[in-house]
Amino acid sequence: MKESTKILVIFIILFLCTFLPPITSVPFTAQETSLVIRDVFIQTSTAYLWLSPLVHIATIILLIAIYRYGRKISRVVDAFFGILFLFHSFSQHIATTEKYGLTIITGNLVMILIVSLFWMWEVLKPRNDYVFQHLPVWRYWVVPFAILAFWFPVNADLSPNVNPILLLTSSFGVAFCPSAPVVIAVLTLIYPKVNRYLLRVTSFVGLLIGLFNAMSLFVMPGYSLWMLFLHTPLVFISLYGLLIQWLVKPHEKGNV
């Protein structure tokens with residue numbers, strides 16, 4: 001099977017996952033779906049924030065280590081990101097809510113779980129070459145968006161909070177939406193020496209979830225314009241990850 005056919009099949013499977021309905025202890029109507037999802041995220045958005053400083057610091061150390069040691073620590077990097085996505089798939093999408101009881105956001109859980117499995121396969125058969133190259137200046141556009149995702153400056157009520165302490169205590173690392181842009185940005189900065197399946201799958205799921213979050217502004221009560229803005233790194237960097245093979249010309253791929 002050709003590579004293009006394989007990735008198309010994977011994309012179709014991932015897209016079909018978005019139609020998986022939430023599983024709840026208490027029955028709900030289709031019109032309540034956005035409320036079900038909101039209630040789960042209200043429960044899970046703060047449940048693991050105590051881990052956030054550890055993940056922030058670990059990520060900073062890992063990025064420094066990539067710059068210093070490159071491919072020597074490729075399996076460590078792949079395992080770290082794979083474990084993060086595995087954690088996101090379950091921790092963010094299973095909760096016991098007051099109205100719906102035990103609830104599972106099945107579509108997101110399965111999609112992110114598939115992403116984590118691709119990363120685990122990368123650990124076994126590594127293809128990512130974590131060597132930062134001298135790139136054309138335009139390719140670093142992902143960096144400020146990745147920093148915004150790493151910071152993710154928002155209060156619990158979804159209003160802005162630009163306190164610098166959030167550079168260590170935000171939901172980056174414990175939630176998919178702020179974490180995925182940083183991971184994908186790293187892959188784009190080492191492109192083309194990446195596992196292209198991994199880059200495309202991670203980017204495709206990131207784009208799907210990013211677009212669904214954008215739609216939340218219209219269907220989910222309480223969703224704010226600021227949250228929409230904070231999801232621009234997920235949408236833009238994920239889209240770039242999908243299109244990079246056509247956007248980066250051979251002479252722009254960088255030199256070590």
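Other cluster members for Leu54: Tyr48, Leu49, Trp50, Leu51, Phe87, Val174, joined by side-chain heavy-atom distances under 4.5 Å among Ile, Leu, Val, Met, Phe, Trp and Tyr.
For Tyr197 and Phe118, the gap between ring centers reaches or exceeds 6.0 Å. Phe152 and Phe172 have their aromatic ring centers separated by at least 6.0 angstrom.
The backbone N or O of Ser45 sits nowhere less than 3.5 Å from a side-chain atom of Gln92 that would complete a donor-acceptor pair. The backbone N or O of Pro21 lies less than 3.5 Å from a partner atom in the side chain of Thr106, making a donor-acceptor pair. Side-chain N or O atoms of His93 include none that pairs as donor or acceptor with a backbone N or O of Ile112 at under 3.5 Å. For Ser159 (side chain) and Asn155 (main-chain N/O), no donor-acceptor pair under 3.5 Å exists by modelled atom type. At least one donor-acceptor pair under 3.5 Å links the side chain of Ser34 to the backbone N or O of Val219. Checked by atom type and distance alone, the side chain of Ser116 pairs as donor or acceptor with a backbone atom of Leu113 at under 3.5 Å. A side-chain donor-acceptor contact under 3.5 Å links Ser224 to the backbone of Leu158. In this structure, the side chain of Thr33 engages the main chain of Ala30 through a donor-acceptor pair within 3.5 Å.
In terms of the side chain to side chain contact (heavy atoms under 4.5 Å, CB included) criterion, residue partners of Ala79 (sequence neighbours excluded) are, by chain and number, Val123. Partners of Leu124 according to the side chain to side chain contact (heavy atoms under 4.5 Å, CB included) rule, which considers only residues two or more places apart in sequence or in another chain, are Trp121.
Using a 4.5 Å heavy-atom threshold, the side chains of Phe85 and Thr202 count as touching. Put simply, the side chain of Phe11 reaches to within 4.5 Å of the side chain of Leu242, judged on heavy atoms. Side-chain contact between Thr97 and Gln43 is present, with heavy atoms from C-beta onward closer than 4.5 Å. Put simply, the side chain of Tyr100 does not reach to within 4.5 Å of the side chain of Val40, judged on heavy atoms. By the 4.5 Å heavy-atom criterion applied to side chains, Thr18 and Asn108 are not counted as neighbours. Side chains of Met120 and Ile83 form a contact here, defined as non-hydrogen atoms less than 4.5 Å apart. Side-chain contact between Tyr223 and Arg38 is absent, with no heavy atoms from C-beta onward closer than 4.5 Å. Counting heavy atoms from C-beta outward, Thr44 and Ile94 have side chains that stay 4.5 Å or more apart.
When all heavy atoms of Gly241 and Thr188 are compared, the closest pair comes out as CA-CG2, 4.3 Å. Val110 and Cys17 get closest at one heavy-atom pair: CG1-SG, 3.6 Å.
By the 6.0 Å contact criterion, CZ on Phe15 is open, its count of non-hydrogen atoms from other residues, nucleotides or ligands being 12 or less.
Side chains of His56 and Ser170: a donor-acceptor N/O pair is present below 3.5 angstrom, by distance only.
Using a 4.0 Å cut-off between charged side-chain N and carboxylate O, Lys99 and Glu32 make a salt bridge.
Note that the CG atom of Asn163 and the CH2 atom of Trp151 stand 8.5 Å from one another [nearest 0.5 Å].
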